[in-house]
Amino acid sequence: MITDAHVFDDEHVPDRLLHRDAAVGQLARAFEPALDGAAPGDVLLYGPHGVGKTVLCRHTFDRLQARADAAWAHVETMGLSTAGVIRATLDALGGDPAPTTPREDLCLALRERVDRPTVVVLDEGDELPGGALARLLDVPLVGVVPIVHDRAEWRSRLADDHRQRFDAREVGLDRYTVAELADILDPRARKGLRTSVPRPYLERIADQAAGRARTAIQTLRSCAELAADQDCAIDAVNVRVAAERARTRVRRQTLASLPTHHQVVYALVWTADRLTPGELHDRYEAVADDLYRDRDRTPVGERARRAKLLKLVHYDLVERDGGVLRAVDKAVRPRVEIPD
DNA sequence: TATCCACCGGAATTTATGGAAG
DNA sequence: CTTCCATAAATTCCGGTGGATA
(Lines give C-alpha, C1' and ligand atoms only; values in the text may rest on other atoms or scores of the structure.)
Protein backbone atom coordinates (compact mmCIF):
# COMPACT_ATOMS: atom_id res chain seq x y z
CA MET A 1 0.00 0.00 0.00
CA ILE A 2 2.75 2.46 0.96
CA THR A 3 5.31 2.76 -1.82
CA ASP A 4 7.30 5.73 -0.49
CA ALA A 5 7.19 6.08 3.29
CA HIS A 6 9.51 9.06 3.10
CA VAL A 7 6.72 11.46 2.10
CA PHE A 8 5.08 10.86 5.49
CA ASP A 9 8.17 11.78 7.49
CA ASP A 10 8.04 14.97 9.52
CA GLU A 11 11.24 16.11 7.86
CA HIS A 12 9.89 15.68 4.35
CA VAL A 13 9.76 18.97 2.46
CA PRO A 14 7.22 18.82 -0.40
CA ASP A 15 8.05 20.18 -3.85
CA ARG A 16 5.35 22.79 -3.46
CA LEU A 17 4.35 24.29 -0.16
CA LEU A 18 0.61 24.71 -0.57
CA HIS A 19 -1.41 27.54 0.97
CA ARG A 20 1.61 29.21 2.51
CA ASP A 21 2.40 31.65 -0.30
CA ALA A 22 2.13 34.75 1.88
CA ALA A 23 4.34 33.31 4.59
CA VAL A 24 6.92 32.05 2.10
CA GLY A 25 6.99 35.53 0.56
CA GLN A 26 7.49 37.25 3.90
CA LEU A 27 10.22 34.89 4.97
CA ALA A 28 11.97 35.00 1.60
CA ARG A 29 11.97 38.79 1.72
CA ALA A 30 13.50 38.74 5.19
CA PHE A 31 16.24 36.40 3.97
CA GLU A 32 17.02 38.55 0.92
CA PRO A 33 20.09 40.33 2.31
CA ALA A 34 21.82 36.95 2.08
CA LEU A 35 21.74 37.30 -1.69
CA ASP A 36 24.27 40.09 -1.30
CA GLY A 37 26.33 38.23 1.24
CA ALA A 38 24.82 40.00 4.25
CA ALA A 39 23.04 38.53 7.27
CA PRO A 40 19.53 37.23 6.66
CA GLY A 41 16.96 39.21 8.64
CA ASP A 42 15.77 37.85 11.97
CA VAL A 43 12.18 36.60 11.95
CA LEU A 44 9.85 35.52 14.72
CA LEU A 45 7.78 32.62 13.46
CA TYR A 46 4.72 31.68 15.50
CA GLY A 47 1.72 29.39 15.33
CA PRO A 48 0.24 26.21 16.79
CA HIS A 49 1.75 22.72 16.68
CA GLY A 50 1.94 20.90 13.39
CA VAL A 51 1.02 23.66 10.97
CA GLY A 52 4.30 23.64 9.08
CA LYS A 53 6.49 26.20 10.79
CA THR A 54 9.68 24.20 10.51
CA VAL A 55 8.93 23.01 7.00
CA LEU A 56 8.27 26.60 5.96
CA CYS A 57 11.74 27.59 7.14
CA ARG A 58 13.40 24.69 5.41
CA HIS A 59 11.52 25.26 2.19
CA THR A 60 12.28 28.96 2.08
CA PHE A 61 15.90 28.38 2.94
CA ASP A 62 16.26 25.78 0.19
CA ARG A 63 15.02 28.33 -2.31
CA LEU A 64 17.46 30.89 -0.92
CA GLN A 65 20.34 28.46 -1.12
CA ALA A 66 19.68 27.89 -4.80
CA ARG A 67 20.55 31.53 -5.38
CA ALA A 68 23.05 32.33 -2.65
CA ASP A 69 25.89 30.84 -0.68
CA ALA A 70 24.18 30.40 2.66
CA ALA A 71 24.34 28.04 5.64
CA TRP A 72 21.57 26.55 7.73
CA ALA A 73 21.36 25.39 11.32
CA HIS A 74 18.25 23.86 12.81
CA VAL A 75 18.35 23.62 16.59
CA GLU A 76 15.86 21.85 18.85
CA THR A 77 16.14 24.17 21.82
CA MET A 78 13.71 22.62 24.28
CA GLY A 79 15.39 22.07 27.61
CA LEU A 80 18.75 23.46 26.51
CA SER A 81 20.73 25.99 28.50
CA THR A 82 22.37 29.02 26.92
CA ALA A 83 25.59 27.10 26.39
CA GLY A 84 23.57 24.15 25.13
CA VAL A 85 21.91 26.22 22.42
CA ILE A 86 25.20 27.69 21.25
CA ARG A 87 26.80 24.24 21.24
CA ALA A 88 23.92 22.73 19.26
CA THR A 89 24.16 25.56 16.73
CA LEU A 90 27.88 24.99 16.35
CA ASP A 91 27.22 21.28 15.99
CA ALA A 92 24.65 21.86 13.27
CA LEU A 93 27.16 23.98 11.35
CA GLY A 94 29.69 21.19 11.38
CA GLY A 95 31.72 22.22 14.42
CA ASP A 96 32.67 19.61 16.96
CA PRO A 97 32.90 21.28 20.36
CA ALA A 98 34.03 19.27 23.38
CA PRO A 99 31.22 18.73 25.90
CA THR A 100 32.95 20.89 28.49
CA THR A 101 33.90 23.82 26.31
CA PRO A 102 33.16 27.03 28.28
CA ARG A 103 30.24 29.09 27.06
CA GLU A 104 32.33 32.04 25.95
CA ASP A 105 34.68 29.78 24.02
CA LEU A 106 31.67 28.29 22.27
CA CYS A 107 30.56 31.77 21.24
CA LEU A 108 34.01 32.52 19.85
CA ALA A 109 34.12 29.22 17.99
CA LEU A 110 30.72 29.98 16.50
CA ARG A 111 31.82 33.40 15.28
CA GLU A 112 34.81 31.80 13.68
CA ARG A 113 32.79 29.12 11.96
CA VAL A 114 30.18 31.44 10.46
CA ASP A 115 31.80 32.65 7.28
CA ARG A 116 28.72 33.19 5.11
CA PRO A 117 25.10 34.26 5.57
CA THR A 118 23.57 31.77 8.00
CA VAL A 119 20.01 31.04 9.04
CA VAL A 120 19.72 29.69 12.59
CA VAL A 121 16.30 28.23 13.29
CA LEU A 122 15.54 27.90 17.01
CA ASP A 123 12.75 25.35 17.13
CA GLU A 124 10.53 24.97 20.20
CA GLY A 125 11.88 28.35 21.24
CA ASP A 126 9.15 29.27 23.73
CA GLU A 127 11.43 28.88 26.72
CA LEU A 128 14.60 29.87 24.94
CA PRO A 129 17.10 31.29 27.44
CA GLY A 130 17.50 35.02 26.83
CA GLY A 131 21.27 34.67 26.95
CA ALA A 132 21.31 32.25 24.04
CA LEU A 133 19.27 34.57 21.86
CA ALA A 134 21.50 37.51 22.74
CA ARG A 135 24.67 35.62 21.82
CA LEU A 136 23.26 34.48 18.49
CA LEU A 137 21.89 37.90 17.55
CA ASP A 138 25.38 39.17 18.23
CA VAL A 139 27.09 36.96 15.66
CA PRO A 140 27.71 38.73 12.33
CA LEU A 141 26.11 37.13 9.24
CA VAL A 142 23.62 35.19 11.37
CA GLY A 143 19.87 35.61 11.00
CA VAL A 144 17.87 34.08 13.85
CA VAL A 145 14.45 32.52 13.37
CA PRO A 146 12.85 31.55 16.70
CA ILE A 147 9.84 29.30 16.29
CA VAL A 148 7.32 29.73 19.10
CA HIS A 149 3.72 28.99 19.93
CA ASP A 150 2.73 32.10 21.86
CA ARG A 151 3.95 35.22 20.11
CA ALA A 152 2.88 37.75 22.76
CA GLU A 153 4.25 35.75 25.66
CA TRP A 154 7.57 35.28 23.92
CA ARG A 155 7.93 38.96 23.07
CA SER A 156 7.10 40.01 26.60
CA ARG A 157 10.11 38.13 27.96
CA LEU A 158 12.47 39.94 25.60
CA ALA A 159 14.72 42.86 26.39
CA ASP A 160 13.63 46.00 24.55
CA ASP A 161 16.56 46.15 22.15
CA HIS A 162 16.09 42.50 21.22
CA ARG A 163 12.38 42.95 20.75
CA GLN A 164 13.04 45.69 18.24
CA ARG A 165 15.02 43.28 16.09
CA PHE A 166 11.77 41.41 15.50
CA ASP A 167 9.48 44.41 15.07
CA ALA A 168 7.75 44.12 11.70
CA ARG A 169 9.58 40.83 11.29
CA GLU A 170 6.97 38.39 12.42
CA VAL A 171 5.34 35.63 10.46
CA GLY A 172 2.30 33.90 11.91
CA LEU A 173 0.88 30.62 10.67
CA ASP A 174 -2.69 29.55 11.28
CA ARG A 175 -4.33 26.19 11.25
CA TYR A 176 -5.34 24.98 7.83
CA THR A 177 -8.92 24.65 6.67
CA VAL A 178 -10.25 21.22 5.78
CA ALA A 179 -10.01 21.98 2.06
CA GLU A 180 -6.43 23.20 2.40
CA LEU A 181 -5.43 20.11 4.34
CA ALA A 182 -7.00 17.88 1.71
CA ASP A 183 -4.94 19.73 -0.91
CA ILE A 184 -1.83 19.03 1.12
CA LEU A 185 -2.64 15.36 1.55
CA ASP A 186 -3.41 14.77 -2.11
CA PRO A 187 0.12 14.96 -3.58
CA ARG A 188 1.48 12.86 -0.73
CA ALA A 189 -1.12 10.18 -1.33
CA ARG A 190 -0.24 10.19 -5.03
CA LYS A 191 3.46 10.02 -4.37
CA GLY A 192 3.53 7.71 -1.39
CA LEU A 193 0.69 5.25 -1.99
CA ARG A 194 0.07 2.61 -4.61
CA THR A 195 -3.64 3.33 -4.98
CA SER A 196 -5.38 6.64 -5.26
CA VAL A 197 -7.42 8.09 -2.42
CA PRO A 198 -10.82 9.70 -3.10
CA ARG A 199 -11.01 13.39 -2.26
CA PRO A 200 -13.96 13.04 0.15
CA TYR A 201 -11.93 10.57 2.17
CA LEU A 202 -8.98 12.96 2.34
CA GLU A 203 -11.41 15.56 3.62
CA ARG A 204 -12.57 13.21 6.34
CA ILE A 205 -8.98 12.74 7.41
CA ALA A 206 -8.50 16.50 7.32
CA ASP A 207 -11.59 16.99 9.41
CA GLN A 208 -10.08 14.87 12.20
CA ALA A 209 -6.85 16.80 12.21
CA ALA A 210 -7.99 20.11 13.73
CA GLY A 211 -6.16 22.11 11.10
CA ARG A 212 -2.79 20.50 11.72
CA ALA A 213 -0.94 19.21 8.69
CA ARG A 214 1.35 16.96 10.72
CA THR A 215 -1.63 15.20 12.28
CA ALA A 216 -3.40 14.83 8.94
CA ILE A 217 -0.33 13.38 7.24
CA GLN A 218 0.30 10.88 10.02
CA THR A 219 -3.35 9.86 9.93
CA LEU A 220 -3.19 9.28 6.18
CA ARG A 221 -0.20 7.08 6.75
CA SER A 222 -2.05 5.07 9.38
CA CYS A 223 -5.03 4.72 7.05
CA ALA A 224 -2.73 3.17 4.46
CA GLU A 225 -1.15 0.84 7.00
CA LEU A 226 -4.54 -0.31 8.25
CA ALA A 227 -5.79 -0.83 4.71
CA ALA A 228 -2.79 -3.05 4.08
CA ASP A 229 -3.33 -4.95 7.34
CA GLN A 230 -6.99 -5.54 6.64
CA ASP A 231 -6.49 -6.02 2.91
CA CYS A 232 -9.22 -3.51 2.06
CA ALA A 233 -9.55 -0.25 0.13
CA ILE A 234 -8.09 2.70 1.97
CA ASP A 235 -11.39 4.52 2.20
CA ALA A 236 -12.90 1.55 4.00
CA VAL A 237 -10.65 2.32 6.94
CA ASN A 238 -12.19 4.07 9.94
CA VAL A 239 -10.56 7.48 10.13
CA ARG A 240 -10.94 7.78 13.89
CA VAL A 241 -9.18 4.49 14.41
CA ALA A 242 -6.39 5.56 12.09
CA ALA A 243 -6.04 8.89 13.86
CA GLU A 244 -5.69 7.13 17.20
CA ARG A 245 -3.13 4.77 15.73
CA ALA A 246 -1.17 7.76 14.46
CA ARG A 247 -1.15 9.31 17.91
CA THR A 248 0.05 6.03 19.36
CA ARG A 249 2.90 5.89 16.85
CA VAL A 250 4.03 9.40 17.78
CA ARG A 251 3.91 8.53 21.48
CA ARG A 252 5.93 5.37 20.94
CA GLN A 253 8.57 7.36 19.12
CA THR A 254 8.63 9.91 21.91
CA LEU A 255 9.00 7.25 24.58
CA ALA A 256 11.75 5.51 22.65
CA SER A 257 13.73 8.75 22.59
CA LEU A 258 13.74 9.14 26.38
CA PRO A 259 16.54 7.91 28.68
CA THR A 260 16.50 5.23 31.38
CA HIS A 261 14.97 7.08 34.33
CA HIS A 262 12.00 8.20 32.28
CA GLN A 263 11.52 4.65 31.07
CA VAL A 264 11.38 3.36 34.63
CA VAL A 265 8.90 6.00 35.78
CA TYR A 266 6.71 5.41 32.74
CA ALA A 267 6.80 1.65 33.26
CA LEU A 268 5.65 2.08 36.86
CA VAL A 269 2.74 4.31 35.88
CA TRP A 270 1.72 2.15 32.92
CA THR A 271 1.86 -1.08 34.90
CA ALA A 272 -0.20 0.31 37.78
CA ASP A 273 -3.10 1.72 35.73
CA ARG A 274 -3.75 4.37 38.36
CA LEU A 275 -1.52 5.47 41.18
CA THR A 276 -0.83 8.40 43.44
CA PRO A 277 2.57 10.09 43.59
CA GLY A 278 3.13 8.54 47.00
CA GLU A 279 2.50 5.06 45.61
CA LEU A 280 4.78 5.79 42.69
CA HIS A 281 7.65 6.57 45.04
CA ASP A 282 6.96 3.50 47.16
CA ARG A 283 7.01 1.21 44.14
CA TYR A 284 10.06 2.90 42.74
CA GLU A 285 11.95 2.24 45.95
CA ALA A 286 10.69 -1.33 45.97
CA VAL A 287 11.88 -2.24 42.49
CA ALA A 288 14.74 0.22 41.94
CA ASP A 289 17.55 -2.10 43.03
CA ASP A 290 16.31 -4.87 40.76
CA LEU A 291 15.68 -2.63 37.80
CA TYR A 292 18.94 -0.75 37.86
CA ARG A 293 21.15 -3.70 38.73
CA ASP A 294 22.54 -4.22 35.24
CA ARG A 295 22.11 -0.75 33.88
CA ASP A 296 24.80 1.90 33.81
CA ARG A 297 22.70 4.22 35.95
CA THR A 298 21.70 4.30 39.60
CA PRO A 299 18.24 5.07 41.00
CA VAL A 300 17.37 8.73 41.49
CA GLY A 301 15.72 10.57 44.37
CA GLU A 302 12.16 11.84 44.59
CA ARG A 303 12.83 15.30 43.26
CA ALA A 304 14.49 13.92 40.14
CA ARG A 305 11.59 11.50 39.64
CA ARG A 306 9.18 14.42 39.75
CA ALA A 307 11.20 16.07 36.99
CA LYS A 308 10.99 12.90 34.87
CA LEU A 309 7.29 12.70 35.52
CA LEU A 310 6.82 16.30 34.47
CA LYS A 311 8.46 15.54 31.16
CA LEU A 312 6.28 12.48 30.63
CA VAL A 313 3.20 14.63 31.22
CA HIS A 314 4.54 17.29 28.90
CA TYR A 315 5.04 14.69 26.16
CA ASP A 316 1.49 13.42 26.57
CA LEU A 317 2.59 10.01 27.78
CA VAL A 318 1.26 10.37 31.33
CA GLU A 319 -1.72 12.36 32.55
CA ARG A 320 -2.43 13.73 35.98
CA ASP A 321 -6.08 13.59 36.92
CA GLY A 322 -6.18 15.51 40.12
CA GLY A 323 -3.48 13.75 42.06
CA VAL A 324 -3.76 10.43 40.24
CA LEU A 325 -1.29 9.38 37.57
CA ARG A 326 -2.23 7.32 34.54
CA ALA A 327 -0.66 6.31 31.25
CA VAL A 328 -2.39 8.27 28.49
CA ASP A 329 -2.20 5.42 25.99
CA LYS A 330 -2.19 1.80 27.15
CA ALA A 331 -1.09 0.78 23.65
CA VAL A 332 2.25 2.44 24.33
CA ARG A 333 3.90 -0.36 26.23
CA PRO A 334 6.82 0.40 28.53
CA ARG A 335 10.26 -0.57 27.36
CA VAL A 336 11.38 -1.92 30.72
CA GLU A 337 9.77 -4.76 32.62
CA ILE A 338 8.62 -4.13 36.18
CA PRO A 339 9.29 -7.14 38.45
CA ASP A 340 6.44 -8.05 40.85
C1' DT B 1 -11.79 28.84 60.37
C1' DA B 2 -7.38 26.78 61.64
C1' DT B 3 -4.23 23.30 60.91
C1' DC B 4 -2.31 19.39 59.08
C1' DC B 5 -0.45 16.82 55.24
C1' DA B 6 1.06 15.40 50.71
C1' DC B 7 2.74 17.20 46.94
C1' DC B 8 4.69 20.46 43.58
C1' DG B 9 8.37 22.78 41.50
C1' DG B 10 11.91 26.87 41.92
C1' DA B 11 16.48 27.91 43.45
C1' DA B 12 20.83 26.89 45.46
C1' DT B 13 24.19 23.50 46.04
C1' DT B 14 26.63 19.24 45.20
C1' DT B 15 28.17 15.46 42.32
C1' DA B 16 29.55 13.12 38.02
C1' DT B 17 31.80 13.38 33.86
C1' DG B 18 35.33 14.06 30.71
C1' DG B 19 38.44 17.25 28.06
C1' DA B 20 42.53 20.22 28.76
C1' DA B 21 46.58 21.77 31.08
C1' DG B 22 50.58 20.93 33.82
C1' DC C 1 49.03 10.56 35.65
C1' DT C 2 47.04 14.22 38.36
C1' DT C 3 44.72 18.42 38.74
C1' DC C 4 41.72 21.77 37.08
C1' DC C 5 37.66 23.37 35.10
C1' DA C 6 32.97 23.77 32.86
C1' DT C 7 28.73 21.72 32.08
C1' DA C 8 24.75 18.77 33.05
C1' DA C 9 22.28 16.21 36.20
C1' DA C 10 20.96 15.17 40.70
C1' DT C 11 20.17 16.41 45.48
C1' DT C 12 18.96 19.47 49.13
C1' DC C 13 16.20 22.88 50.82
C1' DC C 14 12.05 25.14 51.10
C1' DG C 15 7.93 28.23 50.23
C1' DG C 16 3.44 27.68 48.24
C1' DT C 17 -0.94 25.18 47.08
C1' DG C 18 -5.00 22.72 47.83
C1' DG C 19 -7.68 19.17 49.90
C1' DA C 20 -9.14 16.99 54.22
C1' DT C 21 -10.39 17.29 58.88
C1' DA C 22 -11.51 18.95 63.55
Side-chain angles (χ1 to χ4, degrees), chain A residues 73 75-113 120 122-136 138-139 149-150 153-154 156-157 254-270 272-328 335-336:
Chain A
V75 179
E76 204 62 60
T77 65
M78 202 199 293
L80 294 183
S81 62
T82 297
V85 172
I86 306 294
R87 174 178 296 111
T89 307
L90 197 48
D91 251 336
L93 292 172
D96 188 19
T100 55
T101 309
R103 189 174 56 199
E104 297 312 313
D105 291 3
L106 288 169
C107 293
L108 289 173
L110 181 62
R111 281 165 175 274
E112 216 162 282
R113 177 147 288 266
V120 177
L122 303 174
D123 220 334
E124 300 293 326
D126 290 84
E127 288 155 51
L128 187 70
L133 183 66
R135 309 311 174 111
L136 289 170
D138 217 33
V139 179
H149 297 117
D150 188 335
E153 194 276 336
W154 193 81
S156 73
R157 295 193 303 119
T254 308
L255 181 64
S257 73
L258 294 173
T260 307
H261 301 310
H262 300 79
Q263 302 294 344
V264 172
V265 173
Y266 180 76
L268 285 165
V269 174
W270 185 93
D273 275 343
R274 293 165 47 83
L275 81 172
T276 65
E279 289 165 348
L280 171 69
H281 292 308
D282 289 346
R283 297 193 185 195
Y284 187 97
E285 315 266 338
V287 300
D289 284 344
D290 259 351
L291 270 182
Y292 282 89
R293 183 170 300 135
D294 45 20
R295 292 173 202 280
D296 55 345
R297 314 236 138 227
T298 51
V300 291
E302 289 198 18
R303 181 66 186 87
R305 287 174 227 157
R306 285 205 290 273
K308 312 304 171 197
L309 198 53
L310 197 65
K311 196 155 197 171
L312 291 171
V313 171
H314 187 84
Y315 282 147
D316 195 33
L317 290 166
V318 170
E319 63 187 348
R320 255 201 284 244
D321 182 11
V324 183
L325 304 168
R326 190 176 330 136
V328 170
R335 303 165 67 83
V336 301

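Worth saying up front: this structure is predicted, and the values here are computed from it rather than measured. Below, read A as the first sequence line, B as the second, and so on, with proteins coming before strands; counting in each chain starts at 1.
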Rounded distance (Å) that lies between atom [atom2] of [N] and atom [atom1] of [X]:
X        : N      : atom1 : atom2 : value
A:Glu279 : B:dA6  : CD    : P     : 13 Å
A:Leu275 : B:dC7  : CG    : P     : 10 Å
A:Leu309 : B:dC7  : CG    : P     : 12 Å
A:Leu310 : B:dC7  : CG    : C1'   : 13 Å
A:His314 : B:dC8  : NE2   : P     : 17 Å
A:Leu106 : C:dA6  : CG    : C1'   : 10 Å
A:Asp321 : C:dG18 : CG    : C1'   : 15 Å
A:Glu104 : C:dC5  : CD    : P     : 17 Å

Nucleotide nearest [X] (side chain, heavy atoms from C-beta), chosen from [options]:
X        : options               : value
A:Arg87  : C:dT11, C:dA8, B:dG9  : C:dA8
A:Ala98  : B:dG9, B:dA20, C:dA10 : B:dA20
A:Pro277 : C:dA8, B:dG9, B:dC7   : B:dC7
A:His261 : C:dA10, B:dG19, B:dG9 : C:dA10

Residue pair [X] / [Y], side-chain heavy-atom distance below 4.5 Å:
X        : Y        : value
A:Leu268 : A:Val287 : yes
A:Leu309 : A:Arg320 : yes
A:Val328 : A:Leu317 : no
A:Val139 : A:Thr89  : no

SB check A:Glu279 A:Arg274 (cutoff 4.0 Å):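 A salt bridge is absent here (no side-chain N lies under 4.0 Å from a carboxylate O).
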Residue whose closest nucleotide on DNA chain C lies nearer the 5' end, A:Gly79 versus A:Pro102: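 With A:Gly79 and A:Pro102 compared, the 5'-side residue is A:Pro102.
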Can a side chain N or O of [X] be found less than 4.0 Å away from OP1 or OP2 on [N]?
X        : N      : value
A:Arg305 : C:dA10 : no
A:Thr101 : C:dT7  : no
A:Lys308 : C:dA9  : no

Residue closer to the 5' end of DNA chain B, A:Arg303 versus A:Thr276 (nearest nucleotide):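 First, find each residue's nearest nucleotide; the 5'-ward one identifies A:Thr276.
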Base of B:dG10 paired with side chain of A:Arg306 (donor-acceptor, under 3.5 Å):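 In this structure, the two groups form no donor-acceptor pair.
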